S.K.: 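Please see the structure below; I have some questions.
Below, each value reflects all heavy atoms present in this structure, side chains not excepted, and no hydrogens, waters or symmetry copies. Worth saying up front: this structure is predicted, and the values here are computed from it rather than measured.
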Number of protein chains: 2
Amino acid sequence: MSVADRRANFTKIAHRLIYEKGYKATTMRDIAQNMGCDVANIYNYTKSKESILEQSLFDTSAIFHEGIKKLMRNELTPKEKLIEIIKLHVTISYERPYQAAFLIDEWRHLSNEKLNLFLKERHQYESWIFDIFNTGIMSNDFRIIDPKIASITFLSSIRWVHNQFVNGSSPKQRIELEVHLTNCIIGGYCS
Amino acid sequence: MSVADRRANFTKIAHRLIYEKGYKATTMRDIAQNMGCDVANIYNYTKSKESILEQSLFDTSAIFHEGIKKLMRNELTPKEKLIEIIKLHVTISYERPYQAAFLIDEWRHLSNEKLNLFLKERHQYESWIFDIFNTGIMSNDFRIIDPKIASITFLSSIRWVHNQFVNGSSPKQRIELEVHLTNCIIGGYCS
DNA sequence: GTCTATAATTCGATAGAC
DNA sequence: GTCTATCGAATTATAGAC
C-alpha cells in the first residue's frame with residue numbers, strides 16, 4: 001500500500017468513527033484499533049486530533065462555497081437556484097457523507113480562532129441563501145413568506161441527506177433521492 | 001432557596017451547558033463551576049452524568065409522544081395533522097429548547113440498553129409521521145411525492161426551531177415563528 | 001448540604017529503541 | 001514506519017470530615 005493510500009485509509013477510518021461516535025467520544029486509540037496499529041502510529045498521519053476535524057471542516061466548507069458561487073453567477077431564476085442548491089448538497093453529501101455531517105454536528109469542537117473563522121464562512125453561506133429568498137419574494141417567484149424563516153427552513157430540510165449515503169449508495173440511488181427531494185421541497189407537500 | 005428550586009436550578013444549568021458544549025465536552029466540573037460549588041456537590045442532585053441526559057431524553061420524548069397521540073385521535077385531515085405537528089414541535093421547543101436539542105444531537109451518548117429503547121421510541125414517532133404522508137398521498141390531500149422522503153424532509157425542516165428559543169423568547173415571538181413556519185412548510189415556497 | 005482529598009481510569013501526545 | 005513505555009493532565013465518582 002502506497003503512502004497516499006495509507007493516508008486515505010486513515011482519513012476514511014477516522015472520519016467514519018467521528019461520524020459514528022462523535023468527535024469528543026472518538027479517541028486516538030479508537031482510530032488506532034480500527035487501523036490495526038498502535039496509538040503512536042496515528043501521529044504519522046496527523047499532527048493532532050483536532051487537525052483531523054479542522055482539515056475536514058474547512059475543505060468541505062470550501063467545496064460548498066465553490067459550488068454556490070458558481071451557481072450564483074449563472075442567470076438563473078430564484079427557483080432554479082434552489083434546485084441547483086439541492087443538487088449541490090446531494091452531490092457533496094453523496095461524495096463525502098461523513099464530512100458533510102461534521103459541518104452540522106462537529107464544528108463546535110474547533111478551538112476558538114478556527115471556530116470564529118468557520119462561523120464566518122457559515123454565515124456567509126447562509127446569507128447567500130437568504131438573498132435568494134429575499135429576491136425571489138420581491139420578484140414574485142416565491143409566495144409571501146418570511147425570507148429569514150424560509151431560508152433557515154430550506155437549509156434545514158436538506159440537512160439529513162448525508163445519512164442516506166453513509167453506508168454506501170449507488171449513483172442511481174443518488175439521482176432518485178435528488179429527484180424526490182427536489183419534488184418535495186420545490187413543489188411542496190399539498191395539492 | 002427550597003430544595004425543589006435548587007434541583008430546578010441545577011437542571012437548568014446542566015442542560016444549558018450540555019446544549020452549548022455538547023454532552024461529552026461538558027464536565028461535572030463545568031456544571032459545578034456554573035453552580036458556584038464544588039464537583040462533589042453535583043452528586044446531591046444527580047446520581048451520575050449520564051442520568052442527566054437519560055432523564056431529559058425520555059421525559060421529552062414522552063411529551064412528544066403524548067402530543068402526537070392526542071392529535072392522531074382527532075379526525076383531522078392529513079394537512080391539518082401536519083399543521084398540528086408543527087405547532088407541537090414549536091410549543092415543546094419553546095418550553096424546553098435545550099431538551100428538544102438533545103433529542104437531535106445527544107441521544108447517541110446513551111448507554112446501550114437505554115439507547116435501544118430510545119431508538120425504538122424515535123422510530124415509532126417517525127412511523128406516525130410517515131403514515132400521515134402515506135395516507136395523505138393516497139387520499140389526494142398531498143401531491144404525488146415519495147412518502148418516506150417527504151416525512152424525513154418534513155421532520156428535518158422543523159428541527160431547527162429550538163435554536164430560536166434558547167436565549168429566551170416572548171409568547172408573541174413564539175406565535176410569530178409558528179405562523180411563518182407553517183406558512184413556509186404547508187404553503188411551500190413557490191407561487 | 002458543603003468542602004478536601006483522592007481513587008481509578010482514560011485521554012492526547014511524546015520519547016526512544018528497533 | 002512500527003512498537004513499548006510513559007508523561008502529565010483531565011475525567012467520573014466516592015469517602016469522609018465539618
S.K.: Among C:dA13, C:dT2, D:dT4, find the nucleotide with the atom closest to the side chain of B:Tyr45.
M.R.: C:dT2

S.K.: What is the nucleic acid contact for B:Thr26, judged by heavy atoms within less than 4.0 Å: base, sugar-phosphate only, or nothing?
M.R.: sugar-phosphate

S.K.: Atom CG of B:Asp38 to atom P of C:dT2: distance rounded to whole Å?
M.R.: 10 Å

S.K.: Over the length of the helix from C:dG1-D:dC18 to C:dC18-D:dG1, how much do the five-pair end axes diverge, rounded to 10 degrees?
M.R.: 10°

S.K.: Rounding to an integer number of Å, can you tell me how far A:Gln33 CD sits from D:dC3 C1'?
M.R.: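 Roughly 16 Å, once rounded to whole Å.
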
S.K.: Strictly below 4.0 Å: does A:Arg29 bring a side-chain N or O up to OP1 or OP2 of C:dT9?
M.R.: no

S.K.: Round to a whole Å and report the spacing from NZ of A:Lys24 to P of C:dT10.
M.R.: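 The distance from NZ of A:Lys24 to P of C:dT10 comes to 18 Å, rounded to the nearest Å.
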
S.K.: Under a 4.0 Å threshold between the charged nitrogen and the carboxylate oxygen, would A:Lys87 count as salt-bridged to A:Glu84?
M.R.: yes

S.K.: Let's see if you can work this out: which of C:dC11, D:dT14, C:dT14 has an atom nearest to the side-chain heavy atoms of B:Ala40?
M.R.: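 Of all the options, the side chain of B:Ala40 is nearest to D:dT14.
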
S.K.: Looking at A:Tyr98 and A:Ile13, would you say the former's side chain and the latter's main chain have a donor-acceptor pair under 3.5 Å?
M.R.: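 Here the side-chain-to-backbone pair does not exist.
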
S.K.: Are B:Arg174 and B:Tyr94 in a cation-pi contact, defined as NZ or CZ under 6.0 Å from the six-membered ring centre and within 45° of the axis?
M.R.: yes

S.K.: From the options C:dG1, C:dA13, C:dC3, select the nucleotide whose nearest atom is closest to the side chain of B:Asn44.
M.R.: C:dG1

S.K.: Using the side-chain heavy atoms of B:Tyr43, tell me which of these nucleotides is nearest: C:dC11, D:dT2, D:dA13.
M.R.: D:dA13

S.K.: For B:Ile31 and D:dA13, give me the distance from atom CD1 to atom C1', rounded to whole Å.
M.R.: 13 Å

S.K.: Measure the distance from CD1 on A:Ile42 to P on C:dA15 and round it to the nearest whole Å.
M.R.: 18 Å

S.K.: Output the single nucleotide from D:dT2, C:dG12, D:dA13 whose closest atom is nearest the side chain of B:Met28.
M.R.: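 The answer is D:dA13.
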
S.K.: Answer with yes or no whether the side chains of A:Asn163 and A:Tyr19 bring together a donor and an acceptor at under 3.5 Å.
M.R.: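 Indeed, the side chains of A:Tyr19 and A:Asn163 share at least one donor-acceptor pair under 3.5 Å.
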
S.K.: In whole angstrom, give the distance that lies between atom NZ of B:Lys49 and atom P of D:dT11.
M.R.: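 These atoms are roughly 9 Å apart.
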
S.K.: Please check the phosphate of C:dT2 (OP1 and OP2 only) for any side-chain N or O of B:Asn41 closer than 4.0 Å.
M.R.: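 Affirmative; the distance criterion is met.
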
S.K.: Of the nucleotides D:dT2, D:dA13, D:dC3, which one has an atom closest to the side chain of A:Arg6?
M.R.: D:dT2

S.K.: Round to the nearest Å and state the distance from B:Glu50 atom CD to D:dT11 atom P.
M.R.: 18 Å

S.K.: Between A:Asp30 (side chain only) and A:Thr27 (backbone N and O only), is there a donor and an acceptor less than 3.5 Å apart?
M.R.: yes

S.K.: Rounding to a whole Å, what distance do you find between B:Lys21:NZ and D:dA10:C1'?
M.R.: 13 Å

S.K.: Taking the six-membered ring for Trp, are A:Tyr23 and A:Phe102 closer than 6.0 Å centroid to centroid?
M.R.: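 No, the ring centres sit 6.0 Å or more apart.
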
S.K.: Below 4.0 angstrom, N of the basic side chain to O of the carboxylate: do A:Lys70 and A:Glu66 qualify?
M.R.: no

